[in-house]
Amino acid sequence: MNRHLLSAADLDRDNALLVLDTATQLAALTDRAVKKLPTLRGRTVVNLFFEDSTRTRISFEAAAKRLSADVINFAAKGSSVSKGESLKDTALTLEAMGADAVVIRHSASGAAHRLAHSGWIGGSVINAGDGTHEHPTQALLDAYTMRHHLAGGTGDLSGRRVTIVGDVLHSRVARSNVLLLTTLGAEVTLVAPPTLLPVGVEQWPCETTYDLDSVLATTDAIMMLRVNRERMNAQYFPSAREYSRRYGLDVKRMNQLPEHSIVMHPGPMNRGVEIANDVADSARSVIVEQVTNGVNVRMAVLYLLLGGAQLGAGSELDTPDPAAAVLTEATR
Amino acid sequence: MSAALTPEGTRTVLDGAEIARALTRVAHEIVERTKGGADIVLLGIPTRGVYLAQRIAERIRGIEGLEVPVGSLDITLYRDDLRRTPARALLPTTIPAGGIDDKIVVLVDDVLFSGRTIRAALDAMNDVGRPRAVQLAVLVDRGHRELPIRPDYVGKNIPTSKAEKVHVHVAEHDSQDAVVISGDSGIGEQP
């Protein structure tokens, strides 16, 4: 594993499977009465959230606490950021407090990368969503959920067909999922109106179509994306009603899916827009399960990044401790 | 003389038949010490401790006709040396359906060395339940304890130097049964 988790592309197949396998073992441990492990005792995890979030922040907080890490929650609202403090000064403050890991959500694409590669902080950086760019732990929990339902909970997702529907343009979830699911061998199809597909999507390792009904019969997992109203500064489709009719998942469309297929949504849902009430609450919906799996997957990521020796960027296991080398030099 | 010279620098100290006899004796001792083996749960420490626990359970079935629950207890998250190496992959923990509360838990591991694994296992067990008693069975005790921990059942005591490595091979995982010592045999130590 690298020191940071910034993009789903940071994970090759082996590392992605390591995260999923670790999460599987952790899931078994968290079934029991004492939901606490001593593994990250004395480590500090900072949740640095510049953007509103319920489930991701709570999920990271629960994951860190179950591993006995100390958690500091930092929300931009009510902090010095609202007085105009820069990301750099906020980061330096956190570093001075001794943060071992920073979980960052920011409205600017690339914020996590900036934080990780600026030299401002020494700990690990975990991207919990940066603008319209990436959200790698969401992709991991989605892959975990698919593997559980479609691949018996082990191995990769080779040959599984995943359809991602909706606002791909503004979705960090879609980009991270395309990257990770392809790494794991799944075939991904994006379905969206032409206005909601990003420029350059033809270079992504996936298929695209404008017609939802044509792909339903061959879909193993369908993922409905939220219509990101807060990121829409222009008119991308005529009306919510028309969007819903062409790209929303209603019961009629759900019934065209194969028997074994599952319905997913990263949340929060716009019920009645991209997904109908009856579908969200149906037996095929694994949306609530995705939240549970999110805690286990984030525990796995925190354990794999923080649980072992803290290796500096590029350093290797058998490299002797530089401090010890200096010492022997001096005593000679 | 069981010490046969196999690949360069290694020697076999127990072969398959000797391991089988040692496990049979340990199974008998467990039945004797626990007055028939009722209420016991065998928890193997992955990877090889689990296979050894399963074999001991088979032998207890042969002796007493008793089905002994067998589980596995991964101790990775409870290790005291986690920060010395990169994060390790986790191994399965499976606790038998009846749980371990008020049972006599026999921990089973392949090699007893510093005792730190067993300390971690005792911590891990604390989060699973409260057994009536905990006992320890190991196939090989090689000495060099760093904690006040002792085994209740030992397959074989093998004096070693600290520089040596003891490898237990089990057929289920390593295609054959053997206990092999490799590395420097040390100065002034009995090989």
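Chain letters run A, B, ... following the sequence lines, proteins first, then strands; residues in each count from 1. Scope of the values below: all heavy atoms of this structure, side chains included, with no hydrogens, waters or symmetry mates.
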Side chain to side chain donor-acceptor pair (under 3.5 Å) pairs, two or more places apart, involving residues 90-102 of chain B: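 For residues 90-102 of chain B, and leaving out neighbouring residues, the side chain to side chain donor-acceptor pair (under 3.5 Å) pairs sorted by first residue read B/S72-B/T94.
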Heavy-atom contact with chain A under 4.5 Å, split by part of B/R88: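 For B/R88, backbone and side chain are both near chain A.
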Answer with side chain, backbone, both or neither: which region of B/I95 has an atom nearer than 4.5 Å to a non-hydrogen atom of chain A?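 Contact with chain A is absent: no heavy atom of B/I95 under 4.5 Å.
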Which bit of A/L304 is near chain B, if near means a heavy-atom gap under 4.5 Å: side chain, backbone, both or neither?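 Both parts, backbone and side chain.
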Considering only heavy atoms, which portion of A/K35 lies under 4.5 Å from any heavy atom of chain B: side chain, backbone, both, or neither?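 A/K35 has no heavy atom closer than 4.5 Å to chain B.
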Before accepting this row, confirm whether a basic side-chain N of the pair B/E146/B/R119 lies closer than 4.0 Å to the acidic partner's carboxylate O.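 No, no charged N to carboxylate O under 4.0 Å.
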Largest heavy-atom contact set with chain B, pairs under 4.5 Å, which of A/T24, A/L18, A/V34: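 Sorted descending by pairs with chain B, the first entry is A/V34.
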Do you know which of B/D81, B/D123, B/L91 has the most heavy-atom pairs under 4.5 Å to chain A?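 With the most close heavy-atom pairs to chain A, the winner is B/L91.
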Under the side-chain hydrogen bond (donor to acceptor under 3.5 Å, both in side chains) test, which residues partner A/S118, sequence neighbours left out?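 Listed in chain order: nothing, the list is empty.
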Using the ring of each side chain (for Trp, its six-membered ring), is A/H148 parallel, tilted or perpendicular to A/Y144, with breaks at 30° and 60°?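 Answer is parallel, since the angle falls under 30°.
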Where does the angle between the aromatic ring planes of B/H173 and B/Y51 fall among parallel (under 30°), tilted (30 to 60°) and perpendicular (over 60°)?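 B/H173 and B/Y51: tilted rings.
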